[in-house]
Enquirer: 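Let me begin by handing over the structure; questions about it come next.
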Amino acid sequence: EAAVTQSPRNKVTVTGGNVTLSCRQTNSHNYMYWYRQDTGHGLRLIHYSYGAGNLQIGDVPDGYKATRTTQEDFFLLLELASPSQTSLYFCASSGLGGSEQYFGPGTRLTVL
Amino acid sequence: AQSVTQPDARVTVSEGASLQLRCKYSYSGTPYLFWYVQYPRQGLQLLLKYYSGDPVVQGVNGFEAEFSKSNSSFHLRKASVHWSDSAVYFCVLRTGGNNKLTFGQGTVLSVIP
């Protein structure tokens, strides 16, 4: 069974704060993804990565940075958090060849 | 640009009734299509997928979906729903070799006991 974990599960910060969301996968997958989920929008892709040291821009990247330090670990960085970034964030991983993506349990971020 | 539309934001059915959740996609190439389910306070789980071949694909927990190229649709069906099927269902389109996914807005399914 593929495994993707996220931490923290819940986070509250203030406007202008600095936040790091962590994701780890133990599937030996090459691809990792960060999404945000908002009512009425489904999931929207923020950033993704093909492997350690690689970063690709997704569909809603503004205000977010990401870093892939190892094959297992993918981080999402909010350096100046804003209330518009209040959302539910999901990490996912997938193997080569277009296989399905495996999702983590999500991190709920609130920016006051 | 590709897109996925789930025209029903909310669907309510009685336990034991049949179910169809609608999905329409827009993509000029060969689509790879998925249905994912999100149970309360959980991540997304794959229900089924369609890559090619038989247009009716079977998934977990009695779900199936039918691909129609002429209608650009990928509707999800179940013959008899259970209260535990209450969840949010997402129709998802994969395009290209980079494995990027395009999600529909989701359909909230409520099953009344």
Side-chain angles (χ1 to χ4, degrees), chain A residues 1-10 21 23-25 27 29-51 54-61 68 74 87-108, chain B residues 1-10 21-27 29-52 57 59-60 63 65 74 87-109:
Chain A
E1 180 77 17
V4 181
T5 56
Q6 295 182 234
S7 63
R9 295 294 309 277
N10 291 280
L21 306 185
C23 176
R24 166 164 285 200
Q25 54 96 3
N27 310 316
H29 284 165
N30 293 85
Y31 292 85
M32 294 185 75
Y33 311 81
W34 277 107
Y35 295 91
R36 61 177 290 171
Q37 182 182 18
D38 305 288
T39 303
H41 289 281
L43 272 71
R44 293 181 290 177
L45 182 64
I46 303 170
H47 290 299
Y48 62 108
S49 168
Y50 296 153
N54 177 266
L55 181 65
Q56 303 294 318
I57 295 173
D59 300 321
V60 290
R68 180 92 176 266
F74 195 31
S87 188
L88 182 57
Y89 291 86
F90 286 101
C91 177
S93 74
S94 71
L96 291 172
S99 59
E100 65 262 29
Q101 294 185 14
Y102 294 86
F103 287 81
T107 294
R108 184 165 295 281
Chain B
Q2 63 272 12
S3 65
V4 177
T5 300
Q6 295 178 244
D8 304 308
R10 292 185 175 272
L21 302 182
R22 296 183 292 164
C23 172
K24 299 273 286 186
Y25 69 90
S26 175
Y27 180 57
T30 300
Y32 294 158
L33 293 157
F34 307 83
W35 276 97
Y36 279 84
V37 61
Q38 183 180 26
Y39 297 105
R41 295 172 296 282
Q42 295 186 30
L44 280 73
Q45 303 171 31
L46 182 69
L47 270 182
L48 48 79
K49 60 187 177 185
Y50 173 79
Y51 285 172
S52 64
V57 292
V60 299
F63 285 94
F74 189 55
V88 183
Y89 292 79
F90 292 97
C91 183
V92 183
L93 169 68
R94 182 179 80 85
T95 59
N98 58 13
N99 209 26
K100 285 181 65 176
L101 300 181
T102 300
F103 284 77
Q105 301 91 328
T107 297
V108 178
L109 174 65

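None of these values were measured; they are calculated from a predicted model. Throughout, a chain's letter reflects where its sequence line sits, starting with A, and its residues are numbered from 1.
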Enquirer: For the CG atom on Leu55(A), are there more than 12 heavy atoms of other groups (residues, nucleotides or ligands in this structure) within a distance under 6.0 Å?
Expert: yes
Enquirer: Could you state the interatomic distance from NZ (Lys100(B)) to CD (Gln56(A)), rounded to the nearest 0.5 Å?
Expert: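 It is 9.5 Å, given to the nearest 0.5 Å.
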Enquirer: Against chain A, label Leu44(B) side chain, backbone, both or neither, depending on which of its atoms sit under 4.5 Å from a heavy atom there.
Expert: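 Contact with chain A involves both backbone and side-chain atoms of Leu44(B).
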Enquirer: Heavy-atom count around Arg44(A) CZ within 6.0 Å, excluding the residue itself: above 12?
Expert: yes
Enquirer: Measure the spacing between CZ of Phe34(B) and CD of Gln101(A) and express it to the nearest 0.5 Å.
Expert: 8.0 Å
Enquirer: With a 4.5 angstrom heavy-atom cut-off, is it the side chain or the backbone of Gln6(B) that approaches chain A, or both, or neither?
Expert: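 Interface part for Gln6(B): neither.
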Enquirer: Where on Leu43(A) is there a heavy atom nearer than 4.5 Å to chain B: the side chain, the backbone, both, or neither?
Expert: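 Backbone plus side chain of Leu43(A), per the 4.5 Å heavy-atom cut-off to chain B.
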Enquirer: Among Lys49(B), Gln45(B), Arg94(B), whose side chain to side chain contact (heavy atoms under 4.5 Å, CB included) with Glu100(A) holds?
Expert: Lys49(B)
Enquirer: Rounded to the nearest 0.5 Å, what separation is found between the CG atom of Leu101(B) and the OH atom of Tyr35(A)?
Expert: 4.0 Å
Enquirer: Check each atom of Arg108(A) against the heavy atoms of chain B and say whether the ones under 4.5 Å are side chain, backbone, both or neither.
Expert: neither
